[in-house]
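Basis for what follows: all heavy atoms, side chains included, without hydrogens, waters or symmetry-related copies. The structure presented is a predicted model; accordingly, all values stated were derived computationally and were not measured.
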Amino acid sequence: MSVDIEVYIALSAILFILGAMGVLVRRNAILVFMSVELMLNAANLALVAFSRLWGGAEGHLFVFFVMTVAAAEVAVGLALIVAIFRSKQSIDIDELHQMEG
Amino acid sequence: MFQVPTIADLNLGLTLPALSLALGACILLLLDLFVPRERKEITAWLAMAGIAVSFVLNLAGFNESGTAFLGTFAADQFTGFLNIVILITAFLGVLLSLDYLKRAKIERGEYYVLLLLSAAGMMFMSSANDLIVVFIALELLSIPLYIMATFRAPDLKSEESGMKYFILGAFAGAFFVYGAALVYGATGTTNLPEIFAAVNGIVAAGGSQMFLLLMGTGLILVGLGFKVAVVPFHMWTPDVYEGAPTPVTAFMSVGAKAGGFAGLLRIMVVALPVFVLKDGQTAAAWQQTFWLVAAATLILGNIVAIAQTNVKRMLAYSSIAHAGYIMMAVAAAGTAGVANEATRAALLYLMAYMFTNLGAFGIALAIEKDDGSDTGVDNFIGLAKSKPALAAMMAVFMLSLTGIPLTGGFIGKWFVFKSALDAGLVPLAIIGVLTSVISAFYYVRIIVNMYLKDGEGDPAAGATRYVNWAIYVAFAGTLLMGIFPWIATNLSDTVVLAVEMFVR
Amino acid sequence: MPEVSSALSLSTVVLFIPIVGFLAILVFLREEQHTEQIKWTALGTSLVAFVVSLLLWIGYDASVPGLQMVQRNDWLPSAGISFYVGVDGLSLLLIILTTFIMPLAILSSFRVHVLEERGRQKLYYGFMLLLEFAMLGVFMAQDLFLFYVFWEITLVPMYFLIGIWGAEQRMYAAVKFFLYTMAGSILMLLAILYVGIQAGTFSLPDIVAGIQSGAIAFPMDGVLSSTQSFLFLGFFIAFAIKVPLWPFHSWLPDAHVQAPTAGSVILAGVLLKLGTYGIVRFCLPLFPEASVAWAPYVAVLAIIGIIYGAWVSYAQKDVKKLVAYSSVSHLGFVVLGIFALNAQGIQGGILQMVNHGISTGGLFLLVGMLYERRHTKAMDAFGGIWKAMPLFGGLSLIVVLSSMGLPGLNGFVGEFVILLGSFGSSVLGPLFTLFATLGVILAAVYMLYMFQKVFMGELDKEENKNLPQLHWQELAVLIPIIIAIFWIGLQPRPFFDTMDASVNQVVEQVHPYVVQAENTAMLTVDEFVQTAAVR
């Protein structure tokens with residue numbers, strides 16, 4: 001049983017757009033952050049699907065790197081969120097307006 | 001089918017400059033443990049030593065070219081030139097930070113490690129020959145910057161700056177990955193020269209692969225466009241630049257741009273010159289888009305900068321504007337036959353911008369108070385009386401950013417405009433020169449404040465020894481590049497990025 | 001082609017003398033302890049430059065049209081850019097004018113109270129010498145890149161001179177000056193780049209030779225929409241703003257009125273000539289066809305400028321403003337002469353550049369001396385000054401008469417030759433001459449009006465009765481000007497001889513297109529009247 005490549009790509013595109021919408025619409029820093037993860041994983045799905053299409057290893061390789069880097073980003077991102085929460089008692093990104101101009 | 005590569009296959013010799021810096025950062029992290037808390041300047045000196053080692057290795061290998069890590073890493077003069085820019089940026093970044101961190105009471109050894117790691121990421125970017133490496137380098141250069149931007153925590157501005165940079169940086173990174181995935185889907189490879197080889201067939205065939213390719217190119221432009229801050233992906237810049245500690249702003253305003261444009265040039269010129277026929281000339285399909293982005297960046301950056309009252313914010317918008325000039329060269333690189341000339345122009349512009357901008361930030365940093373206040377344009381009033389030498393150098397930096405001759409900025413503009421005209425982008429060149437007149441408004445205002453207005457003048461307490469050194473280096477670089485431009489052009493003249501372009 | 005050598009030439013020496021003084025002041029002298037030394041170093045440097053530039057004139061062979069005392073060194077060989085300087089008949093007189101005016105401007109600053117008040121004398125004299133360097137560079141540069149470098153550099157010291165030591169609204173005037181002229185010259189940058197890309201080199205003699213031989217051609221297939229026209233305009237607008245030609249003149253009154261005396265003297269004396277010189281040096285030989293096609297339109301602007309400048313001068317109540325507007329009128333004559341596109345017109349134009357530099361420079365010096373004594377420039381505040389300061393009055397009368405073009409003085413020679421040139425021109429014609437003559441008459445009106453208001457009449461104001469007589473330094477500034485006025489007025493021959501061959505060369509370069517234009521009857525007098533009416 002095999003599913004056409006188009007289906008995978010369509011799904012990944014939908015996930016990517018959902019993620020992008022999430023980043024733009026959500027105000028909670030954690031949720032924004034999760035949306036970014038969704039986008040990255042949509043890309044991972046596309047990479048794996050293409051990798052199967054071409055029969056090469058590069059797509060898989062790329063996915064591993066994306067996952068690793070995403071983990072590093074998570075570490076830094078959560079630390080930032082914690083730091084902000086400690087000083088502001090809020091992680092609403094709309095409240096980030098110390099600077100205007 | 002898969003052969004285990006030997007160490008010799010990796011060609012490590014070519015990667016030494018970048019690799020030594022990354023390794024140096026790791027070693028520094030360990031050594032820092034043994035540096036007592038009150039003597040953290042030792043860590044800084046060690047970091048500078050690491051940068052110096054990398055610099056020497058880079059110069060030694062400047063004329064060698066080839067690929068390493070099984071074709072994913074390219075070392076050539078393009079790399080060599082950009083590495084010079086990046087390493088000087090890092091070096092001056094450390095010099096600017098030394099006393100600043102002490103003054104702000106945020107001195108920690110990890111800062112210098114992060115700075116080295118970020119610089120290593122920029123250097124990997126300049127030699128990335130594979131989309132995967134571009135992505136890793138992009139993240140390696142960005143993630144330390146997120147932390148460095150927040151280094152003043154719990155200062156709210158600094159935290160906010162880091163947070164904004166982080167969210168938009170991660171967002172942009174996701175765009176880049178998805179774009180890379182689509183390009184991979186279209187071509188079946190992530191290696192840049194191989195992508196170029198595959199593109200030929202795709203353009204001829206058209207169809208869904210062409211669609212994937214164009215979508216992928218667009219998404220990559222979005223991803224890297226965020227990094228280099230071109231319109232419409234620039235909105236994070238002013239807040240991040242204003243909130244981050246000033247030496248970090250100085251470092252990232254130049255370094256992240258150098259890295260971002262390195263990736264952009266490599267990908268667009270080496271891998272994706274998807275040629276179409278335009279007005280009897282063969283030009284890349286993306287040229288039109290880049291043209292528009294460059295024009296919008298020039299206009300918006302320069303006009304909004306006029307309204308700024310904070311120097312860091314003003315320099316943020318000015319950095320957007322300068323990204324526009326470099327973008328102009330990138331757009332020019334889309335015309336067949338002009339690609340190498342335009343690449344050189346972009347590199348020269350980056351170098352001039354590096355010296356000038358670091359110097360300008362250095363002086364802004366000298367005026368800044370310990371708590372991060374007093375970065376207004378008005379704080380420059382009377383500086384010519386209290387600190388004549390600093391004021392004179394600031395005036396030269398401002399004139400260089402405006403593009404007045406005998407400064408590096410003019411040389412950069414000269415070559416960028418020349419490449420744009422050569423590529424037939426006359427309207428873009430006209431927009432470029434007109435917006436540089438607009439830019440004179442806000443640059444000259446600083447000079448007016450320093451020289452023409454009467455005031456006490458800031459004592460510039462931040463102009464400590466190391467900061468002064470950094471400013472002198474930047475000043476010397478700005479003038480030398482303006483008066484003896486061959487020093488820089490001799491290096492850039494050997495840059496040949498798009499050798500394939502002439503084959504086609 | 002001129003003989004090109006990379007050895008040090010006399011022109012380079014003249015060019016770099018001011019920089020030597022500039023560096024000496026910058027490095028060795030300190031503001032507080034060495035104020036007197038700074039002054040005399042600056043004066044000494046500029047005098048040395050003057051003397052050496054006279055050697056330039058003596059060594060110049062007027063019978064040869066091309067460049068002389070040429071030096072060419074590679075600057076950026078890969079980009080076709082070289083350090084290329086030399087002098088010929090077009091530039092020599094203007095170089096002498098520059099080195100002649102500079103010592104006077106510097107000497108006249110010695111006793112200026114604004115310098116005592118605001119201090120920063122080191123900066124002031126440093127900028128003066130830097131300005132001299134840049135202006136000499138503009139006149140000597142034979143490479144488009146080099147020319148543009150010097151052209152832009154002139155902005156910076158002048159901006160500071162106006163901005164730091166100017167009158168009340170100095171900041172506004174300085175910024176306006178900077179932005180206005182930069183806006184003009186930036187389009188020239190693009191035109192230069194385009195020409196350089198097409199020609200493969202930025203060396204002006206090489207490009208002109210290429211155009212003469214047909215190796216380089218800028219298409220001219222319509223007055224408005226051809227490449228050559230755009231390039232011509234790119235250069236011309238930059239020059240027109242500098243001149244300033246009507247309607248680009250609005251920066252001039254502000255800059256002049258706000259600038260310190262020496263600044264005004266240099267501005268009027270030399271800086272404005274960069275524009276007219278640029279037209280002769282670049283627009284005509286590079287774009288001969290476009291120059292011919294645009295000549296009538298430019299000449300119309302020049303005529304408007306002549307009459308407008310004179311008219312507005314008459315309406316001024318401020319002496320300095322009056323002199324400033326008179327510059328618009330006088331330089332209209334120069335532009336008219338140049339675009340007559342014949343030998344007489346251009347020679348008259350160049351001589352008139354020199355004359356205007358001397359006379360108007362002199363007028364600004366006189367106004368400055370009055371201002372130092374009375375701290376006002378309003379005409380109403382004066383009256384009967386002749387009685388209080390007879391020597392000053394007498395010298396002023398000579399300069400005023402020279403400025404309005406009295407026969408026997410320098411102004412007459414230049415204006416007369418220009419009028420002859422425009423009368424005999426095949427692109428312009430008698431009607432232009434007629435309107436220009438009107439300008440001469442108006443000049444007499446406003447100049448004499450000013451002289452009468454300030455110097456004649458009763459000495460009825462108390463403050464004017466005890467004005468101090470001229471100081472020897474002031475006399476030393478004025479005497480050379482008076483000598484030059486009489487010399488050019490009575491013995492103009494050597495000046496014309498100097499530029500004769502070079503001007504003829506330019507005329508020959510343009511001539512083929514003039515003949516063409518005659519055959520196709522570009523613009524008849526009737527049509528001109530209509531265009532003028534529309535404007």
Verdict with supporting geometry, B:V437 and C:Y180, side-chain contact (heavy atoms from CB on, under 4.5 Å): CA-CA 9 Å; B:V437 176; C:Y180 219 109; over 6 Å; no
One option among B:V448, B:L452, B:V426 has the most heavy-atom pairs under 4.5 Å with chain C, and it is B:L452
Which bit of B:I430 comes within less than 4.5 Å of chain C, counting heavy atoms only: side chain, backbone, both or neither? both
C:I192 CD1 to B:L421 CG distance, which is reported to the nearest 0.5 Å: 11.5 Å
Around C:Y194, counting heavy atoms of other residues, nucleotides and ligands shown, do more than 12 lie under 6.0 Å from its OH? no
Check whether C:V149 gets within reach of chain B through its side chain, its backbone, both or neither, counting any heavy atom under 4.5 Å. both
Taking every heavy atom of B:S436 against every heavy atom of C:I186, the minimum-distance pair comes out as OG-CD1, 3.6 Å
Report the option among C:A79, C:S78, C:P77 that has the most heavy-atom pairs separated by less than 4.5 Å from atoms of chain B. C:S78
Kindly state whether the ring of B:F441 and the ring of C:F178 have centres lying under 6.0 angstrom apart. no
Do B:T402 and C:M182 make a side-chain contact, defined as non-hydrogen atoms from C-beta onward lying under 4.5 Å apart? yes
When the 4.5 angstrom heavy-atom criterion is applied to C:Y148 and chain B, the contacting part is both
B:I411 side, atom CD1; C:F145 side, atom CZ - distance, nearest 0.5 Å: 4.0 Å
Could you grab the distance from atom CG of B:L406 to atom CD1 of C:I153, nearest 0.5 Å is fine? 3.5 Å
By a 4.5 Å heavy-atom criterion (distance strictly below it), what part of B:I487 contacts chain C: side chain, backbone, both, or neither? neither
State, yes or no, whether a side-chain contact exists between B:W486 and C:D74 at a heavy-atom distance under 4.5 Å. no
Would you check if C:W75 and B:P485 make a side-chain contact, meaning some heavy-atom pair closer than 4.5 Å? yes
Any side-chain heavy atom of C:L189 within less than 4.5 Å of one from B:F410? yes
Which atoms of B:N490 are under 4.5 Å from chain C, going by heavy atoms: the side chain, the backbone, both sets, or neither? neither
Keeping the roles fixed (side chain from C:R120, backbone from B:A384), state whether a donor-acceptor pair exists under 3.5 Å. no
Heavy atoms, side chains only, cut-off 4.5 Å: are B:K418 and C:I197 in contact? yes
With heavy-atom distances below 4.5 Å as the criterion, would you say the side chains of C:L76 and B:W414 are in contact? no
For C:Q33, is the CD atom crowded, meaning more than 12 foreign heavy atoms sit under 6.0 Å from it? yes
Best-contacting candidate, C:W165, C:F202, C:W151, against chain B by heavy atom pairs under 4.5 angstrom: C:F202
When the 4.5 angstrom heavy-atom criterion is applied to B:K453 and chain C, the contacting part is both
